[in-house]
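Everything on this sheet refers to the single structure shown next.
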Amino acid sequence: MTSEHTLGFDTRAIHAGFSHDPHTGASILPIYQTNAYVFDSCDTAAGRFKLTEPGPIYSRLNNPTVDAVEEKIASLEGGVGALMTSSGAAAIVLTLLTIGQQGDNIVASGSLYGGSHAMLANSLPRYGIETRFVDDPADPAQWQQLADERTVAFFGETIPNPKNDIFDIESIATVAHNIGVPLIVDNTVATPYLTRPIEWGADIVVHSVTKYLAGHGNSMVGAVVDAGTFDWSADPDRFRQFAQPDPSYHGLVYSQLGKEAFIVKARVQILRDFGFCAAPVNAFLSTIGIETLSLRMQRHSDSARAVAEFLENHDLVDSVSYPTLKSSPYKTLQEKYCPKGASGIVTFDIKGGRDVGERFVEALTIFQNVANLGDVRSLVSHPASTTHSQSNEAELHAAGVGPGTIRLSIGLEDVSDIIDDLSQALQAAAQ
Ligand SMILES: *Cc1c(COP(=O)(O)O)cnc(C)c1O
């Protein structure tokens, strides 16, 4: 679709990346459930391997179903290209391995998804990539202080949960760019419907498509979007992986590829070698989900706001974190970055701590107690015993998780039924 970027967001959510199948006329994206692609000749095969001829080689690198969804996600986030992965975790590790190597470091917000925190704090250091966590992510000076000549990226999440402390993308992007490093933003919870980090200065956006983009709790997928804004050639000592020739492509120097340097390297080198590619059927389920993204995100956000207001006025509730509440310290940031709403995650602390919290979770009937978020179904979880169970006291505090903290992912059911369920479960927990 040539006029894609002049079309509105909702039109692109439906039409970007695919109009119809040229071979059969099928109007819905076919699932190309194939590993390989017949080469017309040995010359064609050789050209594809050398990257001199476009076209698919092997589904670890490219697949027509996945390609179409990548183009749609790139269009919605406003990037020059995107790449889908087998999960959100894979999207993050692929991004970091594309940029950093042994001896490098990342400066990251301390308020992150538990799995990302564990990857950065424990797993990547075993391969020589260290992370320095910022205590107060809203303070640009702390980011500046933690960075040095081996820092290769800043990393934060638009709407981290359970704290719902909206990330000040514009301020932190400015610090990153002054130092000469890219800002990577995990936009899973906000989605490009609520905010587009690239418009605020982010250089790379990552997603757990598993959550709101796919939206129906039925497929594990990730995505990486390249804004095309970062100049990887400006500092060859810092970005050695971009400056040094890649022997596996006859000495290709990625920084010479211009604005697509990052996303090309991510695919042809890291995805090729490490292999965390998206399954075509999961890419298909993602695109069906994305077609209704705007409608779903507005409803998730509106219902979550109503739930947050209900909880805030309830006797058994100690405190509620939701960015649109007057009591939220992040309301100003919400109004700036997510004026249409603040997504579907509501966190609260129940009076009485862990036991009462567990009774509450077990008394719910509509909410499912699962380790997931961003489903059409309403979900509940107890972070201290699940997503954040590997964190120590200080890390729990930084992430805003207490023993009685409950995380809700508000679904698309009737909001009156959602609130009735919460109300009866609070009563049951109190007894
Ligand atoms: C779930 C999640 C991830 C990890 O994604 P998976 O698809 O589960 O691998 C990363 N970031 C955030 C914000 C998440 O919620």
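As the structure lists them, so they are numbered: ligands from 1, and atoms in each ligand from 1.
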| Check: W143 ring centroid to F133 ring centroid under 6.0 Å |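 Between W143 and F133, the centre distance exceeds or equals 6.0 Å.
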
| query | Is the distance between the ring centroids of F348 and F360 under 6.0 Å? | reply |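 Centroid distance F348-F360: below 6.0 Å, so yes.
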
| said: Regarding ligand 1, does L373 bring an N or O atom to under 3.5 Å of one of the ligand's N or O atoms? | reply: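 No - when backbone and side-chain N and O of L373 are compared with those of ligand 1, no distance drops under 3.5 Å.
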
| Would you say N161 and ligand 1 have an N/O pair spaced under 3.5 Å apart? |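 No - when backbone and side-chain N and O of N161 are compared with those of ligand 1, no distance drops under 3.5 Å.
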
Identity and separation of the nearest protein heavy atom to [atom]:
{"atom": "atom 6 (P) of ligand 1", "result": "G88 N, 3.3 Å"}
{"atom": "atom 7 (O) of ligand 1", "result": "T210 OG1, 2.6 Å"}
{"atom": "atom 5 (O) of ligand 1", "result": "S208 OG, 3.0 Å"}
{"atom": "atom 2 (C) of ligand 1", "result": "K211 NZ, 2.5 Å"}
{"atom": "atom 3 (C) of ligand 1", "result": "Y113 CE2, 3.4 Å"}
{"atom": "atom 13 (C) of ligand 1", "result": "D186 OD2, 3.4 Å"}
{"atom": "atom 8 (O) of ligand 1", "result": "M220 CE, 3.6 Å"}

| request: Can you tell me which residue pairs pass the side chain to side chain donor-acceptor pair (under 3.5 Å) test with a partner in residues 180-190, sequence neighbours excluded? | output: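 Only E77-N187, T158-N187, D186-T188 qualify under side chain to side chain donor-acceptor pair (under 3.5 Å).
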
| task | Measure the acute angle between the ring planes of F310 and H314, then classify it against the limits of 30° and 60° as parallel, tilted or perpendicular. | result |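 F310 vs H314 ring planes: perpendicular.
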
| Should you measure from each heavy atom of A89, which atoms of ligand 1 turn up under 4.0 Å away? |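 Going through ligand 1 atom by atom, the ones under 4.0 Å from A89 are 4 (C), 5 (O), 6 (P), 9 (O).
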
| field | Per-atom contacts, ligand 1 versus E157 - under 4.0 Å to a heavy atom | value |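 Selected atoms, number and element: 13 (C).
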
| field | Cation-pi, Y113 ring and K211 (6.0 angstrom, 45 degrees) | value |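 The answer is yes; both the distance and angle limits are met.
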
| K72 charged N/C atom sitting above F18 aromatic ring, 6.0 Å / 45° |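 Because its charged atom misses either the 6.0 Å distance or the 45° angle limit, K72 does not stack over F18.
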
| query | Going by the salt bridge (Lys or Arg N to Asp or Glu O under 4.0 Å) test, which pairs reach into residues 118-135, not counting sequence neighbours? | reply |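 Passing the test, one end in residues 118-135: E130-R132, R132-D148.
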
| query | When you look at CZ of F9, are more than 12 heavy atoms from neighbouring residues, nucleotides or ligands closer to it than 6.0 Å? | reply |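 Atom CZ in F9 is crowded, with more than 12 foreign heavy atoms closer than 6.0 Å.
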
